[in-house]
Amino acid sequence: MVAIILNRVFDGLDGALARYANQSTSAGGYLDITLDFLFYAAIPLGFIFADPKQNVIAGALLLAAFIGTGSSFLAFAIAAEKFELDKPQFKYKSFYYLNGLTEGTETIALFIAFCIWPQHFVLLASIFAAACAITIVTRIYGGYHTLKRLEAKS
C-alpha cells in the first residue's frame with residue numbers, strides 16, 4: 001500500500017511541477033500516461049502472482065477491463081486531437097480526457113482496498129471489472145457518436 005500511495009504522490013507532483021515551471025510537454029504527457037497504465041496493470045498482476053489459484057480469473061478479467069478502458073480513452077484522445085476538441089475541464093492535460101465511471105481515483109481506491117482486504121480480491125476485482133465494462137460501453141457509444149457528429153460538420 002505504501003508503494004501505491006508513493007506512486008500517486010509522485011505522479012501528482014510531476015505534473016504540478018511541470019505546469020509550475022511552465023514545462024508541460026507532449027513527451028511528458030506521453031510518459032505520464034504510459035507509466036500510469038503500466039502501474040495500473042502491475043497491481044492486479046501482483047495479486048494474481050500472490051495467489052494464482054484464487055485470483056487468476058478475477059485478475060484476468062480486471063486486466064482485460066483495464067485494456068478496454070485504456071484503449072477507449074486513448075483512441076478517443078487521438079481522434080479529439082484531429083478535430084482540435086477543447087478540453088475545458090482538463091485544460092492543463094496534454095490530451096483530451098474522455099470521462100468514465102471508473103477513473104484514476106476510483107482505481108486507486110480499489111488498489112488500496114485490495115491491500116486492506118486481500119482476501120476479497122476476487123469480489124472487489126469482479127465488481128470493478130463490471131464497473132469498467134460500463135465505462136467501456138459509455139465511452140465507445142459517446143465517443144463514436146461525438147466523432148460521427150464532428151465528421152458530419154466537417
Side-chain angles (χ1 to χ4, degrees), residues 1-50 58-115 121 124-154:
M1 185 167 9
V2 170
I4 292 168
I5 293 168
L6 284 175
N7 173 275
R8 296 295 85 197
V9 168
F10 287 122
D11 182 58
L13 284 177
D14 73 333
L17 288 173
R19 287 187 294 278
Y20 178 76
N22 203 22
Q23 294 183 357
S24 183
T25 64
S26 294
Y30 164 77
L31 187 60
D32 180 61
I33 196 69
T34 301
L35 294 175
D36 280 351
F37 280 118
L38 289 171
F39 169 76
Y40 292 156
I43 302 302
L45 193 57
F47 279 88
I48 291 169
F49 287 145
L61 287 172
L62 186 57
L63 287 171
F66 284 170
I67 291 169
T69 58
S71 61
S72 61
F73 171 84
L74 293 174
F76 188 82
I78 293 166
E81 185 73 23
K82 174 183 172 184
F83 288 104
E84 299 178 350
L85 288 182
D86 192 24
K87 46 189 180 210
Q89 73 275 38
F90 301 108
K91 61 184 174 181
Y92 296 112
K93 296 292 185 179
S94 300
F95 52 87
Y96 193 93
Y97 270 53
L98 186 60
N99 293 328
L101 178 62
T102 53
E103 297 290 336
T105 302
E106 294 80 14
T107 304
I108 298 309
L110 174 75
F111 291 170
I112 290 171
F114 287 166
C115 294
F121 175 83
L124 295 169
S126 299
I127 291 169
F128 202 77
C132 287
I134 294 168
T135 295
I136 295 164
V137 169
T138 58
R139 280 184 179 162
I140 291 171
Y141 180 84
Y144 176 81
H145 288 287
T146 298
L147 295 173
K148 287 296 281 184
R149 187 175 59 251
L150 292 170
E151 288 171 343
K153 288 182 182 179
S154 54

*Asks:* How far does CD1 of Ile33 sit from CZ of Phe73, to the nearest 0.5 angstrom?
*Replies:*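 Result: 4.5 Å between the selected atoms.
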*Asks:* Between the side chain of Ser72 and the main-chain N/O of Ile140, is any donor-acceptor distance below 3.5 Å?
*Replies:*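 Absent.
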*Asks:* At what distance, to the nearest 0.5 angstrom, does CG of Asn7 lie from CZ of Phe39?
*Replies:*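 So the CG of Asn7 and the CZ of Phe39 are separated by 4.0 Å.
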*Asks:* Counting only N and O atoms by type, is there a donor-acceptor contact under 3.5 Å from the side chain of Glu106 to the main-chain atoms of Glu103?
*Replies:*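 Indeed, once roles are kept as given, a pair shorter than 3.5 Å links the two residues.
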*Asks:* Roughly how far, to the nearest 0.5 Å, is OG1 of Thr102 from CD1 of Ile136?
*Replies:*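 Rounded to the nearest 0.5 Å, the CD1-OG1 separation comes to 7.5 Å.
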*Asks:* Please round to the nearest 0.5 Å and tell me the distance separating atom CZ of Phe121 and atom SG of Cys115.
*Replies:*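 Interatomic distance, Phe121 CZ to Cys115 SG, rounded to 0.5 Å: 10.5 Å.
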*Asks:* Between Ile43 and Thr107, is any pair of side-chain heavy atoms under 4.5 Å apart?
*Replies:*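 Side chain of Ile43 against side chain of Thr107, heavy atoms only: no contact under 4.5 Å found.
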*Asks:* Please check if the number of heavy atoms outside Phe83 that lie under 6.0 Å from its CZ is greater than 12.
*Replies:*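 Yes, enclosed.
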*Asks:* How long is the span from the OG1 atom in Thr146 to the CZ atom in Arg139, to the nearest 0.5 Å?
*Replies:*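 With rounding to 0.5 Å, OG1 (Thr146) is 13.0 Å from CZ (Arg139).
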*Asks:* Measure across Leu101 and Ala131 and return the closest heavy-atom pair with its distance rounded to 0.1 Å.
*Replies:*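 Looks like CD2-O, 3.8 Å.
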*Asks:* Mind checking the CG-CZ spacing from Asp32 to Phe37? Nearest 0.5 Å is all I need.
*Replies:*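 Rounded to the nearest 0.5 Å, the CG-CZ separation comes out at 10.0 Å.
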*Asks:* In terms of relative ring orientation, are Phe66 and Tyr40 parallel, tilted or perpendicular, with 30° and 60° separating the classes?
*Replies:*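 Rings of Phe66 and Tyr40: tilted, 30 to 60°.
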*Asks:* Under the criterion side-chain contact (heavy atoms from CB on, under 4.5 Å), which of Thr105, Leu110, Ile112 is the partner of Ile108?
*Replies:*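 Per the side-chain contact (heavy atoms from CB on, under 4.5 Å) rule, the option paired with Ile108 is Ile112, out of Thr105, Leu110, Ile112.
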*Asks:* Quick check: do Phe128 and Leu124 have side-chain heavy atoms less than 4.5 Å from each other?
*Replies:*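 Answer no - side chains too far apart.
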*Asks:* Would you indicate whether the side-chain heavy atoms of Phe114 and Leu62 approach each other to under 4.5 Å?
*Replies:*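 Contact flag for Leu62/Phe114 side chains = yes.
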